[in-house]
Student: 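Have a look at the structure that comes next, please.
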Amino acid sequence: MRKKLVYRTGNRWLLPVLTGVFLITAPTVVAQKKKTDKPKAAVQVGNYRNLFREAGYKQADIDAKLAKAYHDIFEGPNKVYFEVGDTMAYVSDVKNKDARTEGLSYGMMIAVQLDKKDVFDRIWRWSKKYLQHQSGPREAYFAWSINPQTMKKNSEGSASDGELYYITSLLFAANKWGNNTGINYYGEARRILDAMWKKDGTGNIYNLINTDAKQISFVPEGNNYKWTDPSYHLPAFYDAWVLYAKDGHEAFYKECADTSRVFLHRACHPVTGLNADYTEFSGKPHDTRWSPSAFRYDSWRVPMNIAMDYTWSGKDKAWQEDYAKRFQGFLRSKGMDTYEDQFNLDGSRPDFILQAGPVKKLRHSLGLVSTAATLSLINKEKNSRDFVDALWNAKLEPFEDGYFDPYYDGLLYLFSLMHLSGKYQMITPQAR
């Protein structure tokens with residue numbers, strides 16, 4: 001059964017899932033090998049630069065800017081974070097009137113990075129209670145979208161990026177706060193991971209990662225398991241899983257990290273650096289029924305993800321530095337204050353514009369301004385400073401025509417401020 005109902009997810013459009021159908025060696029040698037192969041370098045290489053400080057901004061002003069962005073998104077009059085009772089809370093795409101695993105798990109990652117334990121715990125409890133499947137083929141996975149007013153799910157199915165962020169943020173929470181403060185964070189992360197490995201297609205539900213391609217699926221269900229979304233490729237997260245999941249699949253996760261890095265080489269245009277929102281595992285664009293594939297909302301996250309991998313893991317520096325020059329150079333060629341937010345991969349304007357909000361138009365969007373600036377952590381060209389200043393001067397406020405997205409634009413803005421101020425890190429086990 002199919003129902004023609006399309007939601008823009010802030011970063012993507014999906015048709016809801018109804019009735020389970022998607023619409024849309026010697027011991028000493030081994031020990032030594034483990035010591036050298038394990039990407040402990042991910043922690044040791046991590047170089048969390050405060051690029052704002054390097055650019056000459058005062059630390060007090062940097063702290064104030066980050067605090068204001070957090071306040072605006074989590075506490076202010078246009079917030080997207082809402083507390084429920086004494087122990088729970090959710091993050092909502094307010095203009096689309098739903099809560100989805102994307103934003104909830106982003107909220108948890110922000111909270112653990114900024115040491116907001118109460119916020120983290122509240123979002124996790126709400127997610128677990130209202131979205132996590134407790135039985136059946138989807139057990140431990142999450143329904144990706146729900147109306148927080150009616151509590152009616154828009155879909156029972158998962159979007160793989162949500163689980164990716166849930167798992168990683170939970171592992172980081174275990175490292176930061178331990179597992180004896182009310183929530184066994186490590187146990188919750190392992191529950192998702194262990195359940196993931198039991199999903200073999202029964203009930204049409206699969207591993208979050210396509211085990212043949214070693215790439216994350218767009219959706220771990222049906223035919224959507226057979227293609228991917230470049231913005232879901234987070235090799236730095238897999239490096240964290242190798243270090244901290246301890247579930248016996250370390251070699252596989254390392255292969256996934258390596259595969260994602262190679263995949264991004266193929267998915268990003270050799271001149272502009274642009275990638276399609278959706279692709280085959282080969283990197284070839286994948287059209288959907290809701291949009292011909294081009295550089296659109298999902299794609300904004302790719303530069304930020306590559307900057308994260310460069311900073312955390314440092315394993316693909318030569319290509320990533322070249323990519324950053326190409327990507328920022330392309331946007332600069334369109335005008336630092338005027339470049340738009342959707343492109344064909346060759347940099348031309350697309351005939352089809354994917355609508356966000358009531359007005360179908362291209363914009364100079366805060367989300368892309370933000371993530372493009374994170375590439376200044378990679379780009380060694382002096383004029384890359386332009387993007388740092390552009391993010392510094394950007395504001396989370398409505399456009400002249402009233403369009404305002406404090407959810408997707410806002411969260412990418414906050415993530416990017418965290419990256420450029422050195423506040424977004426691979427969280428290692430803390431001494432307690």
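In this chain, numbering begins with 1 at the start of the sequence shown.
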Student: Would you say the ring centers of Phe120 and Trp124 fall short of 6.0 Å from each other?
Tutor: no
Student: Inspect the surroundings of CG in Asn223 and state if more than 12 heavy atoms from other residues, nucleotides or ligands are less than 6.0 Å away.
Tutor: no
Student: Regarding Asn50 and Glu54, do their side chains bring together a donor and an acceptor under 3.5 Å, going by distance alone?
Tutor: no
Student: Do the side chains of Arg122 and Glu83 get close enough for a salt bridge, i.e. N-O under 4.0 angstrom?
Tutor: yes
Student: Taking the side chain as C-beta and beyond, is there a heavy-atom pair between Tyr106 and Val80 under 4.5 Å?
Tutor: no
Student: Measure centre to centre between the rings of Phe330 and Phe343, then say whether the value is under 6.0 Å.
Tutor: yes
Student: Side-chain contact, heavy-atom cut-off 4.5 Å: Tyr165 with Glu102?
Tutor: no
Student: Charged N to carboxylate O below 4.0 Å: is that the case for Glu188 and Arg125?
Tutor: no
Student: Is atom NZ of Lys226 surrounded by more than 12 heavy atoms (other residues, nucleotides or ligands) closer than 6.0 Å?
Tutor: no
Student: When you compare the side chain of His286 with that of Phe218, does any pair of heavy atoms fall below 4.5 Å?
Tutor: no
Student: When you measure from the centre of the six-membered ring of Tyr141, is the NZ or CZ of Lys199 closer than 6.0 Å and no more than 45° off the axis?
Tutor: yes
Student: Could you verify whether a donor N or O on one side chain and an acceptor N or O on the other, from Tyr232 and Gln215, lie under 3.5 Å apart?
Tutor: no
Student: Check Asp93 with Lys95, please: is the shortest side-chain N to carboxylate O separation under 4.0 Å?
Tutor: yes
Student: Can Arg261 and Asp258 be counted as an ion pair, charged N to O under 4.0 angstrom?
Tutor: yes
